[in-house]
Amino acid sequence: MILIELNQLLKEIVNKVAAENNVKLDKKLLAQVEFEISSESARGDYATSCCLKLAKQFNKKPFEIAEVIVSNFNEKKIADIKIEGPGFINVFISAEAKSALLKDIIIQGDSWGLTKDFSGKILLEFVSSNPTGPLHVGHGRGAVLGMAIANLLENIGYEVTKEYYVNDAGRQISILTSSVLLNAYVKNFEPDGTYEGEYIKELGERFKSMFGELDEKIDFGPLDEDKDIRLDTISVYFKSKFSVAWQEAKKFSVSQILSLIKEDLHKFNIVHEHWFNESSLGTVEDNKSDLSKSLIAIKDGGYTYSKDGAEWFKTTEFGDDKDRVLLRENKEPTYYLTDVGYHKNKIDRNFDSYINIFGADHHGYIPRLTAAFDVMKKEHQNLEFLLYQLVNLYEDGFKKTMSTRRGEYFSLNDLRKDLGPDVIKFFFLEKKSDHPIDFDMDLAKDESKNNPYFYAQYAYVRCCSILAKSSFNPETDIDLKEIENCYEIISKAINYPLILKEYALERSPHSLVHFIKDFSATFHSFYEQNPVLTENKITSNSRLLITSITKLILKNSFRILNVKPLEKM
RNA sequence: GCGCCCGUAGCUCAGUUGGAUAGAGUGCCUGGCUUCGAACCAGGAUGUCGGGAGUUCGAGUCUUCCCGGGCGCACCA
């Protein structure tokens with residue numbers, strides 16, 4: 001790639017000039033000696049501000065340093081090199097070099113944009129919604145984000161495993177099971193703190209028709225006024241009195257809701273390679289379980305103490321705002337310990353990096369999970385969190401309330417049925433993840449330029465439409481004048497692998513959405529001003545080359561965002 | 001009270017390890033279809049980058065203090 005060659009040359013020259021002037025450059029400064037993609041195409045293809053940065057070490061004016069560097073520059077791919085402003089160096093690549101690069105893009109085809117600069121195994125955990133109900137709109141954002149980030153990382157060489165952590169144990173699942181049993185067998189119960197909604201009623205009915213009546217009458221006895229105590233009493237009652245029904249109902253409910261979730265994800269083409277069950281972490285009594293192994297690891301590190309009968313982890317030593325309980329007074333593990341156990345299991349599976357994608361409301365977990373991870377991890381491993389903010393839906397200019405009545409809400413599936421999966425993905429990915437989304441449902445439905453999703457798709461459709469009539473012929477010559485004229489679109493195409501790498505490292509799929517919008521606009525403009533299919537074979541062929549490359553790049557970008565490109569609209 | 005995130009054009013948002021005149025879309029004004037799909041294009045107007053102070057050749061970007069908004073602060077999950 002041409003930028004790499006330029007940078008190498010630049011560094012050589014700077015080193016040489018530095019040696020001549022008896023100037024020593026440290027690594028940090030030398031790393032800043034490089035060209036960047038020019039922010040304004042009229043100024044050149046690539047620019048560097050390194051002379052401004054080097055001025056102090058050289059004790060010279062930036063402009064003077066630039067003059068020396070430029071006088072040493074000798075590269076035939078460069079058409080022009082200029083010093084501008086206080087000492088910026090701007091470089092123009094020759095049309096010949098560009099046309100050679102463009103032909104190379106066609107040869108590389110779908111792999112254009114793919115780089116192998118990085119390697120290593122990454123475990124990416126995302127969604128991990130509790131199997132107590134269907135996915136809501138916010139989970140959808142996490143799901144869409146996870147897929148795009150996985151694709152971006154794979155694109156630069158990482159091996160990514162996508163994982164869903166299933167909370168199939170613990171109190172919430174007990175409440176779910178109670179809720180289903182209550183719906184199935186208890187008439188006129190007062191729902192309070194239990195799970196509600198059509199799906200629970202349906203699960204209750206289906207369970208009853210499958211399992212049959214209970215062999216004894218249900219009698220909870222007197223129930224406490226406190227909601228949590230009451231819920232636990234009900235759970236304990238079912239569990240002990242109707243243990244078979246309890247086990248069956250639990251298994252049934254979790255598996256049914258899980259398949260509901262899987263179906264929702266499937267319709268968005270979101271695929272996790274691995275589903276990890278919390279229940280597989282085992283118990284603290286079993287000293288071979290992940291749960292005990294993690295507890296032992298923290299203890300062996302010397303970070304635990306006993307207080308009030310409970311076992312605590314000194315997470316404050318790792319920047320947490322308070323210490324955390326691992327084992328309760330009654331020797332039951334806390335939810336935190338199961339998370340620690342899960343991370344112990346992850347660590348033992350020997351990945352190089354771990355990325356957890358969480359809703360921003362979970363940001364409080366980061367210090368305590370990082371603490372546990374740092375104690376248990378192997379040397380080369382690291383953990384990273386990506387947070388995403390809420391999604392607010394707007395319809396007819398008004399904020400759409402997510403929950404109308406208790407248990408009933410506008411789910412991700414409802415939204416998909418309204419709009420289709422792809423426009424949702426595009427809108428979810430358009431904003432950076434730490435910014436809340438105001439999702440305009442009317443705009444998402446609009447089929448015009450106002451809707452960036454349609455605007456971008458339309459550019460792709462236009463490419464397909466032209467290429468269906470004729471296609472680029474590598475044997476026919478390229479008109480270099482065309483290459484000069486279509487400056488912007490070509491420079492974007494040539495730098496495509498670089499920007500993909502940057503977006504992957506920044507974990508910013510939103511930048512790719514903005515690239516697609518921008519690239520589409522550039523193509524629409526090109527299309528209006530340059531008829532592709534003309535009498536002149538060489539002109540046509542040059543423009544067909546540009547059209548083919550545009551199609552290729554849009555297709556690949558849509559693929560990374562997990563959005564299906566439309567060949568016809 | 002403490003912690004995390006956000007604040008950029010009327011609105012929705014970008015802004016590349018600090019770099020050149022702060023950008024898109026939308027909305028508003030003007031023009032363009034006998035022509036590869038006008039679901040489009042060309043042009044015009046639009047800013048106290050929430051506010052103050054600091055760091056330096058240079059700050060929307062870094063530091064700090066305020067203001068405003070969102071979220072989180074369990075032996076719940």
Side-chain angles (χ1 to χ4, degrees), chain A residues 28 31-32 34 36-40 43 47-49 52-53 55-56 61-62 84-88 90 130 132 167 169-175 228 278 307-312 319-322 324-330 332-339 359-367 387-390 392 394 430-438 440 443 446-452 454-455 457-459 461-462 464-470 498-499 502-503 506 508 510-511 513-515 517-518 521 524-534 540 543-544 547 568-569:
Chain A
K28 209 175 158 188
Q32 297 190 348
E34 59 183 12
E36 291 171 2
I37 300 166
S38 195
S39 57
E40 214 169 307
R43 273 204 287 257
T48 179
S49 60
L52 284 77
K53 288 166 183 160
K56 204 175 256 177
K61 285 187 178 163
E84 275 163 316
F88 293 100
N90 292 317
N130 283 352
T132 52
N167 293 106
R171 185 161 178 264
Q172 293 307 315
I173 294 300
S174 294
I175 295 173
D228 287 317
E278 180 189 344
K307 195 181 88 182
D308 306 330
E311 195 72 16
W312 296 69
D320 200 359
D321 52 359
K322 54 188 80 165
R324 306 290 164 180
V325 172
L326 293 165
L327 270 183
R328 297 186 186 123
E329 202 177 345
N330 62 9
E332 286 286 314
T334 57
Y335 178 77
Y336 173 53
L337 178 56
T338 62
D339 258 348
D361 54 340
H362 286 60
H363 71 260
Y365 295 14
I366 295 176
L387 299 177
Y388 61 91
Q389 297 284 340
L390 289 179
N392 298 308
Y394 283 82
E430 189 187 8
K431 313 272 190 310
K432 58 183 170 191
S433 63
D434 50 11
H435 200 288
I437 292 179
D438 287 332
D440 185 341
L443 181 60
D446 189 12
E447 301 193 355
S448 78
K449 180 184 191 240
N450 300 7
N451 181 344
F454 273 88
Y455 181 76
Q457 290 283 16
Y458 186 42
V461 168
R462 278 180 152 176
C464 293
S465 178
I466 295 168
L467 292 168
K469 295 188 170 79
S470 183
L498 290 172
I499 64 123
E502 190 182 307
Y503 298 164
E506 288 172 351
S508 61
H510 78 277
S511 298
V513 177
H514 287 276
F515 170 82
K517 292 200 293 188
D518 182 61
H524 282 308
S525 176
F526 160 80
Y527 174 96
E528 294 284 347
Q529 287 162 56
N530 305 281
V532 176
L533 307 174
T534 65
S540 282
R543 293 176 182 174
L544 279 166
T547 308
K568 279 179 184 167
M569 283 166 59

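Order of the sequence lines fixes the chain letters, A, B, ..., with proteins taken first and strands second; residue numbering starts at 1 for each chain.
Listed for the A:N330 side chain is a donor-acceptor partner under 3.5 Å among the backbone atoms of A:E332.
Minimum atom distance to the side chain of A:S465 is reached by B:rG37, of the listed B:rC13, B:rG37, B:rC73. In the set B:rG19, B:rU16, B:rC41, B:rG19 carries the atom at the smallest distance from any side-chain atom of A:K53. In the set B:rU16, B:rA14, B:rU17, B:rU16 carries the atom at the smallest distance from any side-chain atom of A:E502. Nearest to the side-chain atoms of A:S49 among the listed nucleotides B:rG19, B:rC75, B:rA39 stands B:rG19. The side chain of A:H435 approaches B:rC13 more closely than any other nucleotide in the set B:rG32, B:rC13, B:rU16. The side chain of A:P531 lies closest to B:rC36, out of B:rC36, B:rC5, B:rC73. In this structure, the nucleotide among B:rC73, B:rU17, B:rA14 sitting nearest to the side chain of A:K432 is B:rA14. Looking at the side chain of A:H514, the nearest of the listed nucleotides B:rA14, B:rC73, B:rU12 is B:rA14.
Heavy atoms of A:A169 sit under 4.0 angstrom from primed sugar atoms or phosphate atoms, though from no base atom. Note on A:H363: a base of the nucleic acid sits closer than 4.0 angstrom, heavy atoms only. Across all strands shown, A:D320 has no heavy atoms under 4.0 Å from either base or sugar-phosphate atoms. The residue A:T338 sits apart from the nucleic acid: no heavy atom pair falls under 4.0 Å. Residue contacts for A:D308: at a heavy-atom cut-off of 4.0 Å it reaches a base atom on one of the strands shown. A:A47 comes within 4.0 angstrom of a base, heavy atoms only. Within the nucleic acid shown, A:P452 has no heavy atom closer than 4.0 Å to any nucleic acid atom. Nucleic acid contact for A:K568: base, since at least one base atom lies under 4.0 Å from a heavy atom of the residue. Nucleic acid contact class of A:N167 (heavy atoms, under 4.0 Å, all strands): none. Using a 4.0 Å heavy-atom distance criterion, A:Y455 is classed as a sugar-phosphate-only contact. When heavy atoms are screened at a 4.0 angstrom cut-off, A:E36 is found touching base atoms of the nucleic acid.
For B:rC57, the OP1/OP2 oxygens have a side-chain nitrogen or oxygen of A:K56 closer than 4.0 Å. Between A:K469 and B:rG37 there is a side-chain polar atom (N or O) within less than 4.0 angstrom of OP1 or OP2. Here A:R462 does not reach the OP1 or OP2 of B:rA39: none of its side-chain N or O atoms lies under 4.0 Å away. In this model, the phosphate group of B:rA38 is approached by a side-chain N or O of A:Y527 to a distance below 4.0 Å at OP1 or OP2. The side chain of A:H510 places an N or O atom within less than 4.0 Å of a non-bridging phosphate oxygen (OP1 or OP2) of B:rG15. In terms of phosphate contacts, A:T547 brings no side-chain nitrogen or oxygen within less than 4.0 Å of OP1 or OP2 of B:rC36. At the phosphate of B:rG27, OP1 or OP2 sits under 4.0 Å from a side-chain N or O atom of A:N450.
Geometrically, A:R462 engages A:Y527 in a cation-pi contact, judged by NZ or CZ lying under 6.0 Å from the ring centre and within 45° of the ring axis.
The interatomic distance linking A:E34 (CD) with B:rU17 (C1') rounds to 8 Å, in whole Å. Put simply, NE2 on A:H362 is 18 Å from P on B:rC5, counting in whole angstrom units. Atom CD of A:Q389 and atom P of B:rG69 are 16 Å apart (whole Å). With rounding to whole Å, A:E40 atom CD is found 15 Å from B:rU16 atom C1'. Counting to the nearest Å, the C1' atom of B:rA74 and the CG atom of A:D339 are 15 Å from each other. Rounded to a whole Å, the CG atom of A:L52 is 11 Å from the P atom of B:rG19. Rounding to whole angstrom units, OH of residue A:Y335 and P of B:rG72 are separated by 16 Å. Here the P atom of nucleotide B:rG18 and the NZ atom of A:K28 are 10 Å apart, to the nearest Å.
Within the 4.5 Å cutoff, the side chain of A:N167 has heavy atoms near those of the A:Y335 side chain.
Residues A:N130 and A:Q172 bring no donor and acceptor atom of their side chains to less than 3.5 Å of each other.
Here the closest heavy-atom approach between residue A:P531 and residue A:R543 is recorded as O-NH1, 2.7 Å. Across A:G319 and A:P367, no two heavy atoms sit closer than the pair O-CB, 4.4 Å. In plain terms, the two heavy atoms of A:P62 and A:P86 that are nearest each other are CB-O, 3.4 Å.
Comparing the C1' positions of B:rG60 and B:rA74 gives a spacing of 40 Å, expressed to the nearest Å. Distance noted for atom P between B:rA53 and B:rU30: 43 Å (whole Å). The separation of B:rG58 from B:rG18, taken at their C1' atoms, amounts to 8 Å, rounded to a whole angstrom. For the P atom pair drawn from B:rG3 and B:rC66, the interatomic distance equals 11 Å after rounding to whole Å. Annotation: B:rG52 and B:rU8 have their P atoms spaced 15 Å apart (nearest Å). The C1' atoms of B:rC6 and B:rG50 are separated by 11 Å, rounded to the nearest whole Å. Rounded to the nearest Å, the gap between the C1' atom of B:rU21 and that of B:rU17 is 23 Å. Separating the C1' atom of B:rG15 from that of B:rA24 is a span of 10 Å, rounded to the nearest Å.
The side-chain hydrogen bond (donor to acceptor under 3.5 Å, both in side chains) check on A:D339 picks up nothing, with sequence neighbours excluded.
Stacking between A:F88 and B:rG19 is absent: the ring centroid is not both under 5.5 Å from the six-membered base ring centre and under 30° in plane angle.
Put simply, CG on A:L326 and CH2 on A:W312 are 10.0 Å apart, with the number rounded to the nearest 0.5 Å.
Using Watson-Crick or G-U wobble geometry with both donor-acceptor distances under 3.5 Å, B:rU21 finds no partner in any strand shown.
Along RNA chain B, the nucleotide closest to A:G170 and the one closest to A:R43 are compared, and the more 5′ of them pairs with A:R43. If you find the closest nucleotide of RNA chain B to A:A310 and to A:D361, the one lying nearer the 5' end belongs to A:D361.
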